[in-house]
Amino acid sequence: MSAYRTITKGVGKAILLPYFRTRYDGYRSNLTRARELQRRFLLERIKRCAKTSFGHQHAFADITSVEDFQNRVPIREYAEMKPYLEAVANGDSQALLPASERIIDFACTTGTTGTPKVLPVTDVWLKNYQNYWRMWGTKALIDNPGIFGKYWLQLTAPLDIGQTSNGRTISMVSSLSAKHQNRMFQSFYATPYELGAIDDPEIRQHAQIRLAMAQTVGFIITITAANLIRLAEQADAAKEQIIREIHDGTIAGRSAIVRHLGERRMARLTRPDPMRARQLAQLSQENGKLLPKDYWPLQLICCWTSGTVGYQTQRLTEYFGQTPVRDIGYISTEGRHTIPEENGSPVGTLVPDGAFYEFEPLSEPGRILLAHELVQGGDYEVILTTSNGLYRYRIGDIIRCHGHYGETPLLEFVRKTADYSDMEGEKLSGDQIALAMMRARDHSPVVASHASAVGVRPSRGPPHYAFLLEEHEIRDEATGQTFLNIVDQSLRDMNVMYRQKRGDSSLGPPILHLIEDGTWQQFSAARGAERHTGESQFKHPPFLDSQFLSDIHICRTITTR
């Protein structure tokens, strides 16, 4: 451990940890008055933005209540916000933002559907975003004190994915936040955030793995379990090269990396370490594989554990052993929305003063509720007003309420609004597909890292769903049929309309297409390149359109008996 990190660890334990504990206690006390904090956030924001173009057009100067705001500002889709956002990106910041607020950069969304959307990142918004990440981190630390002082690995997203028409940089918000993080916190990064600026994804990913494996990483954070699994598999596949590089003090792609780190820092990060290389070589020889559960003293791994990618967490024990898993909460490019209560649960308290929230019940379209009015067990679409220029914006997310802490709802992300399929009135949702995958994992030998469903309308016979798995994940015909039967029954149990449509043969039985190994890796790499967001930000979609079937190689097809 460097002298700087030794000092900062001591300072952090003596000063910062008590400070953030106090801040977290303050956050908890605020949860009992969420209604007032929500109203205050909104009205202060309206007052600050009264002289913007948007504020003039919607008479912000005359708004004195939540009801006034709702009456004057209609609910908007992205297409209706786009002209204002484009004006900001073109240099007219006061289209949406007050002159007193500084734009730092722009961030790109990473949703599973649609074209990436570019949003401004202001000093005010980023301060709030980072503050509530610290609240999340404080709660994680309180619950998992073993992570204190350990290196943490944040899987790097691209730092520079393009420019606005006005020449401003567009980044992923996670990388942008890491770039502007306090130096004390940066000193505990296992790998430097500047790796995100490397254009070549193979060099970037190898550099992150190579540098991290030389460290004693205590916890890892990323958005999906698929990223964690890919990290472990890539490290094992390249273990001989990595061990050799750690021993010799070398690294592949050095010239590309040094442009962002500098020679002096590069030399420090890649010092020869024969002792660490021997440890890794011995572990590889003893176990036949080189996996994170063996070479890192992990205390915690963090990713999404619910929604349409939650089923991926079921494979984490293969690579990370019994390391506790903590959900990173409901977050998006638009903000940090919840802070989970405990390890192993995606349910978190809504951040009461990070944005203004409205909710439309799926069961009552057109009715709009405030945060304190949500009902336990209800599913809602989120409508968001933020400090970076969004007003009554349909973010495209569905959440579920699990009760309240004081006036603050306990929420879980369920799915995107676009994550559904409806061929015959069955209205299958992405979270139902994910839950069916989890049940198949629990009750069959199938270990699926990725799976998607495709609605198929054949020229003859009823429409049906085709599930796609890579060939290595199904060992024989009987296993495939077991998988299909479990998935089919699970969907019948969860969705009454699917059960009805299957019962009257409006929908045929599902089939299983085994696709060529490596297809999903190629797919995520292509999507990341197309959207300029990188593989680490890719969220595997629960549904794909039928055109996808003509673009891939299907090795064999299994049907139900």
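All residue numbers refer to positions in the sequence shown, counting from 1.
Residues Gln521 and Arg230 are in side-chain contact: their nearest non-hydrogen atoms beyond the backbone lie under 4.5 Å apart. Using a 4.5 Å heavy-atom cutoff, the side chains of Val173 and Tyr129 are in contact. When side chains are defined from C-beta on, Cys401 does not count as touching Glu373, because their heavy atoms never get closer than 4.5 Å. Proximity of Ile433 to Asp431: side-chain heavy atoms (C-beta onward) are nowhere separated by under 4.5 Å. Using a 4.5 Å heavy-atom cutoff, the side chains of Thr519 and Leu468 are not in contact. At a threshold of 4.5 Å between non-hydrogen side-chain atoms, the residues Pro509 and Leu484 do not count as touching. Taking 4.5 Å as the limit, some side-chain heavy atom of Leu228 sits within range of a side-chain heavy atom of Cys303. Residues Leu428 and Phe543 meet the side-chain proximity criterion, which asks for heavy atoms closer than 4.5 Å.
No salt bridge links Lys117 with Glu77; every basic N to acidic carboxylate O contact stays at or beyond 4.0 Å. Salt-bridge formation is not detected for the pair Asp442/Arg439: no Lys NZ or Arg NE/NH1/NH2 atom is positioned less than 4.0 Å from an Asp or Glu carboxylate oxygen. For Arg492 and Asp488, the salt-bridge test passes: some basic side-chain N is under 4.0 Å from an acidic carboxylate O.
Side-chain contact annotation: Gln489 with Asn485, donor-acceptor N/O pair under 3.5 Å absent. Judged by distance alone, the side chains of Gln432 and Tyr498 never bring a donor and an acceptor atom under 3.5 Å apart.
Evaluation of the side chain to side chain contact (heavy atoms under 4.5 Å, CB included) rule for Glu341 yields Arg28, Thr349, Leu410 as partners, not counting sequence neighbours. For Arg457, the salt bridge (Lys or Arg N to Asp or Glu O under 4.0 Å) partners at least two apart in sequence or on another chain are Glu424. By the side chain to side chain donor-acceptor pair (under 3.5 Å) test, Glu334 pairs with Ser332, sequence neighbours left out. Shown here are the side chain to side chain donor-acceptor pair (under 3.5 Å) partners of His513, two or more places apart in sequence or in another chain: Thr557. For Glu240, the salt bridge (Lys or Arg N to Asp or Glu O under 4.0 Å) criterion is met by no residue, not counting sequence neighbours. Residues passing the ring pair (Phe, Tyr, Trp, His ring centres under 6.0 Å) test with Tyr357 are His337, sequence neighbours excluded. The side chain to side chain donor-acceptor pair (under 3.5 Å) check on Thr313 picks up nothing, with sequence neighbours excluded. Under the ring pair (Phe, Tyr, Trp, His ring centres under 6.0 Å) criterion, Trp136 pairs with Trp133, not counting sequence neighbours. With sequence neighbours left out, Tyr132 forms a ring pair (Phe, Tyr, Trp, His ring centres under 6.0 Å) with Tyr27. Scored by the side chain to side chain donor-acceptor pair (under 3.5 Å) test, Arg326 finds Asp143, Asn343 as partners (sequence neighbours excluded).
Taking both residues in full, the closest heavy atoms of Ala436 and Leu491 are given as CB-CD2, 4.0 Å, listed atom of the first, atom of the second, then distance. Nearest heavy atoms, Thr408 versus Leu350: CG2-O, 3.2 Å. When all heavy atoms of Ile147 and Gln299 are compared, the closest pair comes out as CG2-CB, 3.5 Å. In terms of heavy atoms, Ser546 sits closest to Val454 at CA-CG1, 3.6 Å.
Checked by atom type and distance alone, the side chain of Asp236 never pairs as donor or acceptor with a backbone atom of Ala232 at under 3.5 Å.
Residue Asp551 qualifies as enclosed at atom CG: its count of foreign heavy atoms under 6.0 Å is above 12. Around the CD atom of Glu318, the shell of radius 6.0 Å holds more than 12 heavy atoms that belong to other residues, nucleotides or ligands.
One distance of note links CD1 of Ile554 with CD of Glu516; it measures 11.5 Å at 0.5 Å rounding.
Within the structure, salt bridge (Lys or Arg N to Asp or Glu O under 4.0 Å) pairs that include any residue of residues 284-306 do not occur (at least two apart or interchain). A side chain to side chain donor-acceptor pair (under 3.5 Å) check over residues 393-403, counting only residues at least two apart or in different chains, returns the pairs Tyr330-Asp397, Glu360-Arg394, Asp379-Arg400, Glu381-Arg394, Asp397-Lys416, His402-Glu412.
The aromatic rings of Phe523 and His540 sit perpendicular, their planes meeting at an angle over 60°, well past the 30° parallel limit.
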